[in-house]
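I have placed the structure first, in the form of structure tokens, so that the comments after it can refer back to it.
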Amino acid sequence: MVLIDASRYAASHQEQVMEAIQQHLLLVSVPLGFALLIGGYGGWRCVCWSRQHSTTLPLVLLNVFNGLRVIPSLAILFLLIPILGLTFQAAAFALWLLAIPPILLATEVGFRTVPASAREVGLAMGMTRWQLFSQVDLPLALPVILSGIKTATLEVIASATLAAFIGAGGLGSFITLGFALNEPAILLVGAIPVAGLALLAEGLLNRLQQFLRLHA
């Protein structure tokens, strides 16, 4: 009965539902994009620094970002309100902080666990630094990196619903409205698409991860 009511509500509010889905996808894609750039580069640089200098600085950096994972996203969101206000930027920044640690840590582990023998063979073949990175390091590290990307993606998709608390939109707006009105049907209009997006993302990334492991 609740599902029928939810489908009726969604059908009668198609424009708002589609707008919320677009806002939610934007809330997911922007933080993830920046997290991929910074977390991916940071993880790779940590390994390079460890190989050339010492492991102290990379270890401190990794521990700092890993510590961010224990801070609830909602707490970060409310801490940013005095600085960024009730804006999309505040929600995106909080989600970016949430997405960086799993990507950074997985990238560092991925590159660190590349067999030294594989790199030595590449150097013996006369590969340049870029060739060694693109043809040896990255292909072998990518399956591990993808596990971090998958974790970050699922966390951001779920946590993006919190953006509704500061009026940044997304599918969380239906969830908060459903709670406020004590209407489970309206709540499901937001919750079901979020679950669907998470399952779709997990399925696609799992397939990609399996493909890369088979062809690594």
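All figures in this text were calculated on a predicted structure; none of them were measured in a lab.
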- Item | side-chain contact (heavy atoms from CB on, under 4.5 Å) involving Leu187 - partner list, sequence neighbours excluded | Ile175, Phe179, Ala191
- Message: Would a single hydrophobic cluster contain both Phe34 and Leu104, if residues Ile, Leu, Val, Met, Phe, Trp and Tyr are joined by side-chain heavy-atom contacts under 4.5 Å?
- Response: yes
- Message: Quick check against the 3.5 Å criterion: does Ser159 have a side-chain atom that pairs as donor or acceptor with the backbone of Val156?
- Response: no
- Could I get the full list of side-chain contact (heavy atoms from CB on, under 4.5 Å) partners for Glu19, not counting sequence neighbours? Gln23
- Note on the structure: Rounded to the nearest 0.5 Å, the CD1 atom of Ile145 sits from the CD atom of Glu108 at a distance of 10.5 Å
Side-chain donor-acceptor pairs under 3.5 Å in residues 90-101, sequence neighbours left out?
none

- Query: Would you call Leu138 and Phe111 a side-chain contact if the rule is heavy atoms closer than 4.5 Å?
  - Reply: yes
- Item | Atom of Pro115, atom of Leu140 and distance for their closest heavy-atom approach | CD-CD1, 4.1 Å
- Item | Same apolar cluster: Ile21 and Val30, side chain cutoff 4.5 Å | yes
- Message: Between Leu204 and Leu200, is the side chain to side chain contact (heavy atoms under 4.5 Å, CB included) condition met? List the steps.
- Response: CA-CA 6 Å; Leu204 291 174; Leu200 178 63; 4.1 Å; yes
- Item | Sub-4.5 Å side-chain heavy-atom contact between His24 and Val28 | yes
- Query: Taking only residues two or more places apart in sequence or in another chain, which ones pass side-chain contact (heavy atoms from CB on, under 4.5 Å) with Val144?
  - Reply: Val109, Ser147
- Least distance between heavy atoms, Ala158 atom then Val194 atom: CA-CG1, 4.4 Å
- Query: Do any pairs count as a salt bridge (charged side-chain N to carboxylate O under 4.0 Å, His left out) and have a residue in residues 130-153, sequence neighbours left out, and if so which ones?
  - Reply: Arg119-Asp137
- Query: Going hydrophobic residue to hydrophobic residue with side-chain gaps under 4.5 angstrom, can you get from Ile38 over to Leu27?
  - Reply: yes
- Item | Taking every non-hydrogen atom, the tightest pair across Val47 and Arg112 | CG2-N, 3.8 Å
- Query: If two hydrophobic side chains count as joined below 4.5 Å and joins carry through other members, does Leu25 share a cluster with Met18?
  - Reply: yes
- Taken in chain and number order and not counting sequence neighbours, the residues that satisfy side-chain contact (heavy atoms from CB on, under 4.5 Å) with Thr153 are Leu32, Ile149, Ile157, Ala201, Leu205
- Item | For Gly40 against Thr107, the heavy-atom pair lying closest together | O-CG2, 3.3 Å
